[in-house]
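Each ligand, and each atom within it, is numbered from 1 in the order the structure gives. Positions are given from 1 along the sequence.
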Amino acid sequence: MTRLSVNINKIATLRNSRGGNNPDLIQVALDCERFGAEGITVHPRPDERHIRYEDVYALKKVIQTEFNIEGNPLEEKFVELVLAVKPKQVTLVPDALEQITSNHGWDTIEHQDLLIRLIAPFKAAGIRTSIFVDPDIDMVEAAKSTGADRIELYTEPFAQSFPDQPTQAVAAYRKAAFRAHQIGLGVNAGHDLSLENLAFFHAHVQPLDEVSIGHALICDALYYGLENTIQLYKRQLK
Ligand SMILES: CC(=O)[C@@H](O)[C@H](O)COP(=O)(O)O
Ligand SMILES: NCC(=O)COP(=O)(O)O
């Protein structure tokens, strides 16, 4: 079974655009769960341009499904936040400060020692740790040596190539997920997954423990409504 974790960053972006509390991020998270989401993902960034650190504390108090916090563990504030909140899962993403959105995975070979050191406190706190990686067998194998529990495959390159060359687009992901499973790593995936590409990805990349989806899902909700949209996404994972 592949769990759908809804990334609510875009809800916070909308709320922040007017300075009030509309839409109410907490209510949206609860509604996502009520409508069938099996997890809630947030990716706070140091400038708090969407999810604020205080949102993360507030969400932890109410979320009943799996809470996944994504971010860069080189930010001390991020590590403090995760250790204080103790989500079910932390996903480590090597984002630079000025990045608009995530655009690459870790080099788990070059940063092996760093990752071992960064992951240790999360493991000690009993938080499942996932590392954001490109679909590269060497990166997957080295991720295992860091002590991570899972990898999250960065799917933007898949999403970009999918319309023209679907089979070619998914090939590296299929191999990466298979190898991860062989060596005892769980497999998550995310970034630009959508109603157009999700069923194909799910059919070809197995095992797949979780997908985290935000941008496309929230865009679709403008047309189909949040409840219908979450159900539509879940249907792609059957
Ligand atoms: C790691 C990943 O792919 C997502 O968390 C993505 O970075 C969402 O962040 P934004 O909503 O800031 O684009
Ligand atoms: N980890 C990926 C995520 O949370 C959502 O990415 P996107 O669907 O907003 O591109």
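- Taking the six-membered ring where tryptophan is involved, the planes of Phe158 and Phe200 are essentially parallel, since the angle between them stays under 30° and well short of 60°.
- Between His111 and Leu118, the closest side-chain pair of non-hydrogen atoms is not below 4.5 Å.
- Counting heavy-atom neighbours within 6.0 Å of Ile100 CD1, excluding the residue itself, gives a total of 12 or less.
- Atom 9 (O) of ligand 2 has as its closest protein heavy atom His215 N, 2.9 Å.
- Protein heavy atom at the shortest distance from atom 13 (O) of ligand 1 is Thr101 OG1, 2.4 Å.
- For the pair Ile213 and ligand 2, a heavy-atom separation below 4.0 Å is found.
- Asn9 ND2, 2.9 Å is the protein heavy atom nearest to atom 11 (O) of ligand 1.
- Among protein heavy atoms, atom 3 (O) of ligand 1 sits closest to His191 ND1, 2.6 Å.
- Summary of contacts: the protein heavy atom closest to atom 7 (O) of ligand 1 is Ser102 OG, 2.4 Å.
- Looking from atom 4 (O) of ligand 2 to the surrounding protein, the closest heavy atom is Asn7 ND2, 2.7 Å.
- The distance from ligand 2 to the heavy atoms of Thr41 drops below 4.0 Å at these ligand atoms: 4 (O).
- The protein heavy atom nearest to atom 10 (O) of ligand 2 is Asp192 N, 2.8 Å.
- Below 3.5 Å of separation, one finds an N or O of Gly214 facing an N or O of ligand 2.
- The proximity of Glu70 to ligand 2, defined as any non-hydrogen pair under 4.0 Å, is limited to the side chain.
- Within the 4.0 Å heavy-atom criterion, the part of Glu152 lying near ligand 2 is the side chain and not the backbone.
- Side-chain contact annotation: Ser102 with Asp95, donor-acceptor N/O pair under 3.5 Å present.
- Looking from atom 9 (O) of ligand 1 to the surrounding protein, the closest heavy atom is Arg45 NH2, 3.1 Å.
- The 12-atom threshold is not exceeded at NE2 of His181, counting heavy atoms of other residues, nucleotides or ligands nearer than 6.0 Å.
- A salt bridge is absent between Arg45 and Glu75; no separation between the charged side-chain nitrogens and carboxylate oxygens falls under 4.0 Å.
- For atom 1 (C) of ligand 1, the closest non-hydrogen atom of the protein is Glu70 OE1, 3.1 Å.
- One finds no salt bridge joining Asp209 and Arg3 here, because no Lys/Arg side-chain nitrogen approaches an Asp/Glu carboxylate oxygen to under 4.0 Å.
- Ion pairing between a basic and an acidic side chain is recognised when a charged N comes within 4.0 Å of a carboxylate O; Arg34 and Asp31 show such pairing.
- Looking at Glu156 against ligand 1, nothing comes within 4.0 Å, counting heavy atoms.
- With a heavy-atom cut-off of 4.0 Å, Tyr154 does not touch ligand 1 at all.
- One finds a salt bridge joining Asp55 and Arg15 here, because a Lys/Arg side-chain nitrogen approaches an Asp/Glu carboxylate oxygen to under 4.0 Å.
- Here the rule is side chain to side chain contact (heavy atoms under 4.5 Å, CB included) with Ile69, and of Val85, Ile51, Thr41 only Val85 fits it.
- Cation-pi geometry between Lys60 and Phe67 is not met at under 6.0 angstrom from the ring centre and within 45 degrees of the axis.
- Contact annotation for His215 and ligand 1: no heavy atom of the residue comes within less than 4.0 Å of the ligand.
- Here is the list of ligand 1 atoms found below 4.0 Å of a heavy atom in His50: 10 (P), 11 (O), 12 (O).
- The shortest side-chain heavy-atom distance between Leu59 and Ile26 falls under the 4.5 Å cut-off.
- Within a 6.0 Å radius of NE2 in His202, more than 12 heavy atoms belonging to other residues, nucleotides or ligands are found.
- Residue His43 has at least one N or O atom closer than 3.5 Å to an N or O atom of ligand 1.
- Put simply, part of His191 is less than 4.0 Å from ligand 2, judged by heavy atoms.
- Of the listed options Ser212, Ser5, Gly39, Ser130, Ser212 places a heavy atom closest to atom 5 (C) of ligand 2.
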